[in-house]
Student: 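I have a structure here, written as structure tokens, and I will follow up with some questions on it.
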Amino acid sequence: MKLATWNVNSLKVRLSQVIDWLMENQPDVLCLQEIKLINENFPVNEIKVAGYESVFIGQKTYNGVAILSKQAASKVITAIPGLADEQKRVIAATYGDLRVISAYVPNGEQVGSEKYSYKLRWLPHFTQWLQQELIDYKKLAVLGDFNIAPEDRDVYDPKLWEGRVLCSEPERTAFRNLLSLGLTDSFRLFEQPEKSYTWWDYRMMAFRRNQGLRIDHILLSGELSSACVACTVDKAVRKLERPSDHVPVIVELSL
DNA sequence: ATGGTAGAGGATCTA
């Protein structure tokens, strides 16, 4: 079984790339973030033709998340229970005995900004919810854009980024708190190429210089972690014309 | 410290 996540930065612009990627890679599940469209405009039919069901929660202009899957979804949730939040950042769905969450953690803009404090307020709600999900589902996979580079080795220039948004200690502590629930960063289960990243700024030719950060992650519950046989980043799509600034992360599970 | 690019939507806001 193959699960993947991809921040597409507008599903409208990236739809043909997503369809091509599905056809090529045949994942069982693909989580999307930053779809940047409202539910009425979600391309259900185009995705269905490619052989995938969709669940989604959209929003005008910003945010929006989805899960595409070969199997039909059940028990769909489109918000963190109990959290009043205008921003559409999470969706959860069940496929057989597998629970999948697609998450778009707030970016935070800049340390000290209002968006940064929103991020730091949001993360404990997210953590508490995942704690409950782990109780309810033995096989839980949390995939998405976490907007946190967990360690210095996940940053092309740790000195330059020290203390800055995506790398600051409060954010990294929040990420470690997620792992403390019993979730595993699947990427680090395996030996990986050095300087592996999932996001590169569009500016300053950052991709060509490999000036990236690893901020997209797949976290697995204990039972899934034991079944995980690979975790990879698909850099190739970043070389396409009009690419997203993020690339897919993929896990393979022996289920 | 600043500014560089991309997307949405039609001037800025967000990343």
Side-chain angles (χ1 to χ4, degrees), chain A residues 5-21 30-43 46-47 56-66 85-91 102-123 126 143-150 154-168 170-172 174-175 197-217 233-249:
Chain A
T5 181
W6 192 5
N7 178 327
V8 289
N9 185 19
S10 167
L11 183 54
K12 187 183 171 188
V13 172
R14 235 64 68 187
L15 181 59
S16 64
Q17 288 185 25
V18 170
I19 301 277
D20 289 349
W21 198 85
L30 174 59
C31 294
L32 303 177
Q33 299 86 35
E34 283 203 272
I35 61 175
K36 292 187 172 177
L37 43 76
I38 57 175
N39 286 351
E40 290 70 21
N41 294 337
F42 194 94
E46 291 89 334
I47 287 166
F56 45 85
I57 180 72
Q59 170 183 339
K60 194 180 173 187
T61 312
Y62 304 119
N63 311 316
V65 289
D85 191 356
E86 306 276 287
Q87 305 187 20
K88 308 306 185 191
R89 296 186 171 278
V90 298
I91 187 165
S102 177
Y104 178 46
V105 174
N107 170 280
E109 194 216 358
Q110 194 170 26
V111 172
S113 69
E114 176 48 45
K115 291 191 190 70
Y116 181 75
S117 57
Y118 164 68
K119 181 180 195 173
L120 293 186
R121 286 197 308 274
W122 190 92
L123 279 162
F126 183 54
L143 306 89
D145 177 0
F146 287 71
N147 270 314
I148 301 172
D154 301 312
V155 182
Y156 72 93
D157 186 344
K159 274 274 185 291
L160 177 67
W161 281 78
E162 188 177 4
R164 285 171 54 173
V165 76
L166 311 183
C167 301
S168 74
E171 294 167 87
R172 286 180 167 176
F175 188 82
Y197 310 122
T198 65
W199 168 83
W200 300 260
D201 200 298
Y202 283 121
R203 297 165 288 191
M204 308 294 284
M205 295 185 291
F207 181 67
R208 267 181 42 184
R209 298 166 166 171
N210 197 27
Q211 297 181 336
L213 273 66
R214 190 176 72 92
I215 56 176
D216 300 87
H217 307 297
V233 173
D234 181 8
K235 262 181 91 163
V237 295
R238 191 64 170 78
K239 297 172 183 154
L240 299 173
E241 231 174 286
R242 286 192 93 182
S244 169
D245 45 352
H246 297 250
V247 297
V249 183

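Below, each value reflects all heavy atoms present in this structure, side chains not excepted, and no hydrogens, waters or symmetry copies. Chain letters run A, B, ... following the sequence lines, proteins first and then strands; every chain starts at 1.
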Student: Using the P atoms only, state how far B/dG7 lies from B/dG3, rounded to an integer number of Å.
Tutor: 22 Å
Student: Roughly how many Å is it from CG in A/Asn63 to C1' in B/dA15, rounded to a whole number?
Tutor: 10 Å
Student: Do A/Arg164 and A/Glu171 meet the salt-bridge criterion of a basic N to acidic O distance under 4.0 Å?
Tutor: no
Student: Considering only B/dA15, B/dA8, B/dT5, which nucleotide approaches the side chain of A/Glu34 most closely?
Tutor: B/dA15
Student: Figure out the CG/P separation between A/Asn9 and B/dC13, and round it to whole Å.
Tutor: 18 Å
Student: Looking at A/Arg242, does any N or O in its side chain come under 4.0 Å of the phosphate oxygens OP1/OP2 on B/dG7?
Tutor: yes
Student: Heavy atoms only, 4.0 Å cut-off, all strands: where does A/Tyr104 land among base, sugar-phosphate and nothing?
Tutor: sugar-phosphate
Student: Can you tell me, in whole Å, how much space there is between the C1' of B/dT14 and that of B/dG9?
Tutor: 13 Å
Student: Looking at the side chain of A/Lys60, which of B/dA8, B/dG4, B/dG9 is the nearest nucleotide?
Tutor: B/dG9
Student: Angle between ring planes, A/Trp21 versus A/Trp6, binned at 30° and 60°: parallel, tilted or perpendicular?
Tutor: tilted
Student: On a whole-Å scale, what distance lies between the C1' atoms belonging to B/dA15 and B/dG4?
Tutor: 13 Å
Student: Between B/dA8, B/dA15, B/dC13, which nucleotide gets closest to the side-chain atoms of A/Val13?
Tutor: B/dA8
Student: Taking CD from A/Glu241 and P from B/dA6, how many angstroms apart are they, rounded to a whole number?
Tutor: 11 Å
Student: Ignoring backbone atoms, test whether A/Lys115 places a side-chain nitrogen or oxygen under 4.0 Å from the OP1 or OP2 oxygen of B/dT14.
Tutor: yes
Student: Could you tell me the separation between the CD atom of A/Gln59 and the P atom of B/dG9, rounded to a whole number of Å?
Tutor: 11 Å
Student: For A/Trp200 and B/dA15, give me the distance from atom CH2 to atom P, rounded to whole Å.
Tutor: 20 Å
Student: Nearest to the side chain of A/Met204, which nucleotide is it out of B/dG3, B/dT14, B/dA8?
Tutor: B/dG3
Student: Starting at the 5' end of DNA chain B and moving along, which residue's nearest nucleotide shows up first, A/Arg14 or A/His246?
Tutor: A/Arg14
Student: What is the distance, rounded to the nearest whole Å, between atom CG of A/Asn107 and atom P of B/dC13?
Tutor: 16 Å
Student: Compare every heavy atom of A/Glu241 with every heavy atom of A/Gln17, then report the nearest pair and how far apart it is.
Tutor: NE2-O, 3.0 Å
Student: Around atom CD of A/Glu162, are there more than 12 heavy atoms from other residues, nucleotides or ligands closer than 6.0 Å?
Tutor: no
Student: When you compare the side chain of A/Gln33 with that of A/Arg89, does any pair of heavy atoms fall below 4.5 Å?
Tutor: no
Student: Start at the 5' end of DNA chain B and walk down; is the nucleotide closest to A/Glu109 or to A/Asp201 reached first?
Tutor: A/Asp201
Student: Nearest whole angstrom, please: distance from the P of B/dA8 to the NZ of A/Lys12.
Tutor: 6 Å
Student: A/Arg209 has an atom CZ; how far is it from atom P of B/dT5, in whole Å?
Tutor: 12 Å
